[in-house]
Amino acid sequence: MSVIDEVTSANDQYADGFTKGDLPMPPGRRFAVVTCMDARLDPAKFLGLEEGDAHVIRNAGGLVNDETIRSLVISHHLLGTQEAIVIGHTDCGMLTFTNDDLHGKLGPESESIDFQPFPDVDARVRQSVATIQSAPLLPDSYAATGFVYDVTTGKLNAV
């Protein structure tokens with residue numbers, strides 16, 4: 001069975017018992033999560049979230065960059081979120097390469113891309129929180145807090 005067959009079969013089972021089609025568009029708990037795309041992270045499970053609770057924004061490294069700020073601005077101004085939680089994690093793949101490494105692997109057409117690797121997860125989470133706090137399109141009242149998730153223990157640690 002192919003991966004597509006597996007996931008569509010799983011979706012058929014999920015849809016058969018689906019009862020949450022009437023959830024409102026704004027997240028019920030009025031916050032957003034920014035975290036890494038790493039497959040070992042399941043933010044709904046480790047944060048105790050249900051469908052409709054929060055916006056979850058994922059990218060390589062859980063970085064707050066222009067695209068993330070765009071999503072947070074929409075989340076706040078159109079859908080009512082009041083804060084963001086930024087979650088990095090131990091053993092992150094973004095620690096394992098440099099731009100030069102990836103440019104060397106991908107060739108000259110990749111050289112204009114900053115893949116945004118970083119050497120320190122805690123520092124990167126602090127930087128992402130500061131980026132949110134200084135975003136001119138988010139109000140001063142918009143809170144941002146940072147954590148690092150430990151992939152070996154499942155524990156969140158404040159940064």
Side-chain angles (χ1 to χ4, degrees), residues 1-21 23-76 79-99 101-102 114-135 138 141-159:
M1 180 180 280
S2 75
V3 170
I4 298 301
D5 291 337
E6 290 173 6
V7 298
T8 56
S9 175
N11 178 256
D12 287 342
Q13 291 176 355
Y14 176 80
D16 284 345
F18 188 70
T19 61
K20 297 183 179 184
L23 289 173
M25 190 182 302
R29 294 180 59 191
R30 300 176 54 167
F31 75 96
V33 176
V34 179
T35 195
C36 187
M37 66 183 195
D38 190 299
R40 296 171 292 178
L41 277 63
D42 187 340
K45 283 185 182 174
F46 70 71
L47 296 174
L49 301 177
E50 298 289 332
E51 290 99 329
D53 280 349
H55 288 152
V56 179
I57 303 163
R58 297 181 75 155
N59 62 42
L63 304 177
V64 175
N65 52 29
D66 289 346
E67 179 60 22
T68 313
I69 292 295
R70 181 188 75 85
S71 294
L72 291 173
V73 166
I74 292 167
S75 177
H76 171 70
L79 297 163
T81 59
Q82 299 300 310
E83 64 185 298
I85 299 171
V86 178
I87 303 171
H89 67 92
T90 59
D91 195 36
C92 185
M94 298 296 284
L95 301 168
T96 65
F97 68 94
T98 66
N99 272 322
D101 294 336
L102 205 46
D114 179 358
F115 291 98
Q116 302 177 44
F118 49 86
D120 182 303
V121 174
D122 289 25
R124 185 58 199 187
V125 169
R126 282 189 209 95
Q127 181 182 1
S128 287
V129 167
T131 300
I132 293 169
Q133 291 171 334
S134 66
L138 292 170
S141 62
Y142 193 85
T145 307
F147 294 90
V148 172
Y149 173 82
D150 187 319
V151 298
T152 60
T153 67
K155 180 85 174 139
L156 279 180
N157 298 296
V159 174

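Note that the structure is predicted; figures quoted are calculated from it, not measured.
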J.: So, for Leu63 and Val34, which heavy atoms are closest and what is the spacing to 0.1 Å?
T.: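 Nearest pair, atom of Leu63 first, then Val34: O-CG1, 4.0 Å.
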J.: Verify the neighbour count for atom NZ of Lys45: are there more than 12 heavy atoms of other residues, nucleotides or ligands below 6.0 Å?
T.: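 No.
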J.: Taking 4.0 angstrom as the limit, do Asp150 and Lys155 come out as a salt bridge?
T.: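 Looking at Asp150 and Lys155, the cut-off is not met.
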J.: Nearest 0.5 angstrom please: Thr152 OG1 to His89 NE2, how far?
T.: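 Result: 12.5 Å between the selected atoms.
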J.: Within a strict 4.5 Å, meaning less than it, do heavy atoms of the Val121 and Thr90 side chains meet?
T.: no
J.: Is there side-chain contact between Leu95 and Phe118, with at least one heavy-atom pair below 4.5 Å?
T.: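 Yes - at least one pair of side-chain heavy atoms lies under 4.5 Å apart.
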J.: How many angstroms lie between atom CG of Asn59 and atom OG1 of Thr68, to the nearest 0.5 angstrom?
T.: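 It is 4.5 Å, given to the nearest 0.5 Å.
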J.: Do the ring planes of Tyr142 and His76 sit parallel (below 30°), tilted (30 to 60°) or perpendicular (above 60°)?
T.: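 Perpendicular: the ring planes of Tyr142 and His76 meet at over 60°.
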J.: Would you give the length of the straight line joining atom NZ of Lys20 to atom CD of Glu50, rounded to the nearest 0.5 angstrom?
T.: 4.5 Å
J.: Hey, is the main chain of Ser71 close enough, under 3.5 Å, to the side chain of Ser75 for a donor-acceptor pair?
T.: no
J.: Can you name the closest pair of heavy atoms from Pro43 and Leu49 and give their distance?
T.: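 Taking every non-hydrogen atom into account, O-CD1, 4.1 Å.
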J.: So, the side chain of Asp53 versus the backbone of Gly28: is there a donor-acceptor pair under 3.5 Å, distance only?
T.: no
J.: Roughly how far, to the nearest 0.5 Å, is the CZ atom of Arg126 from the CG atom of Asp120?
T.: 7.0 Å
J.: From Phe147 CZ over to Thr35 OG1, what is the distance, rounded to the nearest 0.5 angstrom?
T.: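 If we round to the nearest 0.5 Å, Phe147:CZ and Thr35:OG1 are 11.5 Å apart.
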J.: Once rounded to the nearest 0.5 Å, what's the spacing between atom CG of Asn157 and atom CG of Asp122?
T.: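 Rounded to the nearest 0.5 Å, the CG-CG separation comes out at 8.5 Å.
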J.: Could you verify whether a donor N or O on one side chain and an acceptor N or O on the other, from Asp12 and Ser9, lie under 3.5 Å apart?
T.: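 Note: Asp12 and Ser9 side chains miss the donor-acceptor criterion.
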J.: If every non-hydrogen atom of Met94 is compared with every non-hydrogen atom of Gln116, which pair is closest and at what distance?
T.: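 Smallest interatomic distance, heavy atoms only, reads CE-O, 3.2 Å.
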J.: Which heavy atom of Val129 sits nearest to which heavy atom of Ala144, and what is that distance?
T.: CG1-O, 3.6 Å
J.: What's the shortest heavy-atom distance between Leu47 and Leu156, and which atoms?
T.: CD2-CD1, 3.6 Å
J.: If we only count heavy atoms from C-beta on, is the Ile74 to His55 side-chain gap below 4.5 Å?
T.: no
J.: Do Arg29 side-chain atoms and Gly52 backbone N/O form a donor-acceptor pair below 3.5 Å?
T.: no
J.: State, with a plain yes or no, whether a side-chain heavy atom of Ile87 is found less than 4.5 Å away from one of Phe46.
T.: yes
J.: Will you find, in the side chains of Thr98 and Asp101, an N or O donor that is under 3.5 Å from an N or O acceptor?
T.: yes
J.: Looking at Cys92 and Cys36, what are the two nearest heavy atoms and their distance?
T.: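 Closest approach of Cys92 to Cys36: SG-SG, 4.3 Å.
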